[in-house]
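A short worksheet on the structure shown next.
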Amino acid sequence: MTRNKIVETLTSLILEGQISPTAEQVALRANVGLRTVFRHFDNMDALYREISIDVDAQIKPLLQARLDGQTWQERVVQSIAVRSEIYDRTAAMHVAAQVHRHESVYLTQNLMESARLQRDLLQRLLPPDLAHNSPFLDALDLVLSFESWIRLRREQALSATEATAVMQLTVKALLATVTPR
């Protein structure tokens, strides 16, 4: 019970915009002692690891969404809506993980694995000749990256709908430059 409360508290602090809450802030908000936090978690990295497991469980059903477009191009464009939903749900956690990655081998590996998974999912949507066309795949992967989403939402202050539309427009423009064999 207390362990879950600590995890929920750190999650809440991050979602509220505190991308680097301290153990003291977590303990205070969770109404537990600092020792209690570290009795349940060896360090903050272990606590972030627990949050990562929760986030992965939340997005797993979205990753299994069926894309029903008639063509591979339609499925690529449809996949943007799925990515947008995942990105919007997990952006605060992603930013917090980026902030702490220099302190954590686990977070670094998790971020790299997430980027690899995003690329793999994209690659599976493409015809074989385009899936192996590195410049095209790299461009598409960049446009559809979490970092692009964060820039659109935070720095450019676009709504989720507007950010999705920008990604779709950019992807359609990229798709128009290639013709698979």
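Here, residue 1 is the first one in the sequence, and each next residue gets the next number.
- In this model, a donor atom of one side chain and an acceptor atom of the other lie less than 3.5 Å apart for Gln118 and Tyr87.
- Using cut-offs of 30° and 60° on the angle between ring planes, the pair Phe146 and His94 is parallel.
- Looking at Met93 and Leu15, their side chains come closer than 4.5 Å, going by heavy atoms from C-beta outward.
- At a threshold of 4.5 Å between non-hydrogen side-chain atoms, the residues Ser104 and Thr108 do not count as touching.
- Judged by distance alone, the side chain of Gln18 and the main-chain N or O of Leu13 form no donor-acceptor pair under 3.5 Å.
- Summarising the geometry, atom OG belonging to Ser114 is positioned 12.0 Å from atom CG belonging to Leu107; distances are rounded to the nearest 0.5 Å.
- Scanning both residues, Gln25 and Ser20, for their nearest heavy atoms gives OE1-O, 4.2 Å.
- Residues Leu175 and Trp72 meet the side-chain proximity criterion, which asks for heavy atoms closer than 4.5 Å.
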**Request:** Quick one: do Ser79 and Leu125 satisfy side-chain contact (heavy atoms from CB on, under 4.5 Å)? Show the steps, please.
**Result:** CA-CA 9 Å; Ser79 75; Leu125 294 173; 3.7 Å; yes
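- Ala46 and Asn43 get closest at one heavy-atom pair: N-OD1, 2.8 Å.
- Put simply, CG on Leu126 and CZ on Arg75 are 10.0 Å apart, with the number rounded to the nearest 0.5 Å.
- Qualifying salt bridge (Lys or Arg N to Asp or Glu O under 4.0 Å) partners for Asp141, counting only residues two or more places apart in sequence or in other chains: Arg119.
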- Task: In sequence, state the C-alpha distance, the side-chain angles, and the governing distance for Gln98 and Arg101, and then conclude on side-chain hydrogen bond (donor to acceptor under 3.5 Å, both in side chains).
- Result: CA-CA 5 Å; Gln98 289 285 9; Arg101 77 182 303 168; 2.9 Å; yes
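- With salt bridges taken as basic N to acidic carboxylate O contacts below 4.0 Å, one links Asp45 and Arg49.
- No chain of hydrophobic side-chain contacts below 4.5 Å, direct or via other Ile, Leu, Val, Met, Phe, Trp or Tyr residues, connects Leu169 to Leu140.
- Side-chain contact between Leu67 and Val82: present, with at least one pair of heavy atoms (C-beta onward) separated by less than 4.5 Å.
- When each of Glu8, Glu50, His40 is checked for a side-chain hydrogen bond (donor to acceptor under 3.5 Å, both in side chains) with Arg3, only Glu50 meets the rule.
- The CZ atom of Arg29 sits 6.5 Å away from atom OG of Ser12, with the distance rounded to the nearest 0.5 Å.
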Inset, instruction - Would you check, one step at a time, whether the test side-chain contact (heavy atoms from CB on, under 4.5 Å) holds for Arg83 with Leu122? - result: CA-CA 10 Å; Arg83 283 178 187 253; Leu122 177 59; 3.5 Å; yes
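- Atom CZ in Arg66 sits 10.0 Å away from atom CD in Gln78 (nearest 0.5 Å).
- In this view, Gln168 and Val77, Ile80, Thr164 satisfy the side-chain contact (heavy atoms from CB on, under 4.5 Å) rule, not counting sequence neighbours.
- By the 6.0 Å contact criterion, CZ on Arg116 is enclosed, its count of non-hydrogen atoms from other residues, nucleotides or ligands being greater than 12.
- Rounded to the nearest 0.5 Å, atoms CD1 (Ile59) and CG (Asp54) are 12.0 Å apart.
- No side-chain donor-acceptor contact under 3.5 Å links Thr9 to the backbone of Ala27.
- Across all their heavy atoms, Phe136 and Leu174 have their closest contact at CE1-O, 3.6 Å.
- In this structure, Val7 is not a member of the same hydrophobic cluster as Phe38, with clusters built from ILVMFWY side-chain heavy atoms closer than 4.5 Å.
- Hydrophobic clustering (ILVMFWY, side-chain heavy atoms < 4.5 Å, transitive): Met44 and Val32 are in one cluster.
- Put simply, Ile51 and Val37 are part of the same group of oily side chains (I, L, V, M, F, W, Y) that touch within less than 4.5 Å, one to the next.
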Could you check Leu137 against Leu130 for side-chain contact (heavy atoms from CB on, under 4.5 Å), going step by step and ending with a plain yes or no? CA-CA 7 Å; Leu137 182 60; Leu130 291 179; over 6 Å; no
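- Between Ile14 and Tyr48, some side-chain heavy-atom pair lies under the 4.5 Å cut-off.
- One hydrophobic cluster, built from ILVMFWY side chains closer than 4.5 Å, cannot hold both Leu10 and Ile53; they sit in different ones.
- Counting only residues at least two apart or in different chains, salt bridge (Lys or Arg N to Asp or Glu O under 4.0 Å) contacts with residues 148-170 comprise Asp88-Arg153.
- To the nearest 0.5 Å, the span separating CG on Leu121 from CG on Leu144 amounts to 11.0 Å.
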